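The shown structure was predicted, so the numbers you read here are calculated from the model rather than taken from an experiment.
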Amino acid sequence: MQERSEEQIISRLLELENSGQAERRAELSGERYIALIQDPDTTGGYILQHGLDETEGAEVPEGTEFWDYETWDEARQAFEQLLREARQAGELVEDDSIEGIGDSETGGAEVRDRYSASDEDPLVAGDERQDTIAEDADSEDAV
């Protein structure tokens, strides 16, 4: 098997995390995240630490680093240790966070509530506009 570069590994880990394949994920202070990831293509495990991606996938977030482990158990133990250290230092914001997942991906239409078109679209005539027209017609008959 060909050795992957650091950039290729980071790209793969971000892809796995964004697709919801991280086993565990935690948010740290300063909009930083750590994730425990098992790449299906390998037998080991990884811990990925990164900041919030504000470039929509164009660049790797600043401060991104990863640690790779020979076995999945080693990776899980190391992740638990990082969580304990972050908790003791007051840096753990949320354990098992889903905040920021998929921020760098753009797929599909924006989901909004079912009444959003009538609330925001001036081309969609709501009940108010129809009632106003009916009231105007009634007031002309009364004159």
Side-chain angles (χ1 to χ4, degrees), residues 1-140:
M1 186 168 154
Q2 184 180 1
E3 190 72 24
R4 295 188 290 181
S5 72
E6 186 174 316
E7 291 82 19
Q8 289 172 319
I9 293 171
I10 289 173
S11 178
R12 173 72 173 155
L13 293 174
L14 286 169
E15 176 187 315
L16 289 169
E17 182 187 27
N18 281 333
S19 65
Q21 295 184 39
E23 176 76 21
R24 300 267 315 271
R25 188 169 189 272
E27 181 179 358
L28 305 175
S29 60
E31 294 185 325
R32 296 176 301 136
Y33 301 89
I34 57 171
L36 174 63
I37 302 170
Q38 184 173 28
D39 188 338
D41 297 341
T42 67
T43 57
Y46 294 90
I47 295 176
L48 175 68
Q49 179 176 317
H50 63 88
L52 192 60
D53 179 13
E54 296 183 9
T55 65
E56 296 184 10
E59 296 177 17
V60 173
E62 189 175 324
T64 298
E65 56 185 321
F66 72 93
W67 298 270
D68 60 335
Y69 299 89
E70 292 291 322
T71 67
W72 180 239
D73 285 337
E74 287 177 336
R76 286 188 11 227
Q77 289 172 4
F79 186 82
E80 290 300 328
Q81 179 63 34
L82 282 173
L83 281 183
R84 279 192 297 276
E85 290 172 6
R87 190 175 288 115
Q88 290 172 351
E91 294 181 341
L92 183 63
V93 174
E94 183 179 351
D95 192 1
D96 290 330
S97 169
I98 59 170
E99 186 71 28
I101 290 183
D103 282 351
S104 65
E105 294 185 21
T106 57
E110 181 180 338
V111 178
R112 302 190 319 198
D113 69 8
R114 63 182 178 169
Y115 300 109
S116 63
S118 62
D119 293 338
E120 299 173 6
D121 191 347
L123 299 177
V124 176
D127 292 337
E128 290 178 15
R129 195 177 233 178
Q130 293 171 355
D131 291 345
T132 305
I133 294 171
E135 289 172 10
D136 289 344
D138 289 342
S139 62
E140 288 176 10

Glu80 vs Arg24, side chain to side chain contact (heavy atoms under 4.5 Å, CB included): CA-CA, chis, key distance, verdict:
CA-CA 10 Å; Glu80 290 300 328; Arg24 300 267 315 271; 2.4 Å; yes

Set out, in order, the CA-CA distance, both residues' side-chain angles and the distance that settles side chain to side chain contact (heavy atoms under 4.5 Å, CB included) for Arg12 and Ile9, then state yes or no.
CA-CA 5 Å; Arg12 173 72 173 155; Ile9 293 171; 5.7 Å; no

Given side chain to side chain contact (heavy atoms under 4.5 Å, CB included), test Ile37 with Glu17 step by step and report yes or no.
CA-CA 7 Å; Ile37 302 170; Glu17 182 187 27; 4.0 Å; yes

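The pair Arg4-Asp41 fails the salt-bridge criterion, with no side-chain N (NZ, NE, NH1 or NH2) lying under 4.0 Å from an Asp/Glu carboxylate O.
Atoms CD1 and CG, on Ile34 and Leu48 in that order, are 10.0 Å from each other to the nearest 0.5 Å. Residue Asp95 holds its CG atom at 11.5 Å from CZ of Arg25, rounded to the nearest 0.5 Å. A distance of 9.5 Å separates CD in Glu23 from CZ in Phe79, rounded to the nearest 0.5 Å. Rounding to the nearest 0.5 angstrom, the gap separating the CG atom in Leu13 from the CD atom in Gln21 is 11.0 Å. Here CG of Leu92 is found 12.5 Å from CZ of Arg84. Values are rounded to the nearest 0.5 Å. To the nearest 0.5 Å, atoms CG (Asp39) and CD (Glu15) are separated by 9.0 Å.
Ser29 approaches Val93 most closely through the heavy-atom pair N-CG2, 3.5 Å. Heavy atoms only, all atoms of each residue included: Leu83 and Ala26 are closest at CD2-CB, 3.5 Å. The shortest heavy-atom contact between Tyr69 and Ala78 is OH-CB, 3.3 Å. The heavy-atom pair separating Leu14 from Pro61 by the smallest distance is CD1-CD, 4.1 Å.
Atom CD of Glu70 is surrounded by 12 or fewer heavy atoms from other residues, nucleotides or ligands within 6.0 Å. Enclosure of atom CD in Gln8 by more than 12 non-hydrogen atoms of other residues, nucleotides or ligands within 6.0 angstrom is indicated.
Residues that satisfy the side-chain hydrogen bond (donor to acceptor under 3.5 Å, both in side chains) test with Asp68, not counting sequence neighbours, are absent from this structure. With sequence neighbours left out, Glu65 forms a side-chain contact (heavy atoms from CB on, under 4.5 Å) with Gln49, Trp67.
At a cut-off of 3.5 Å, with distance as the only test, a side-chain donor of Glu85 or Gln81 sits close to an acceptor on the other residue.
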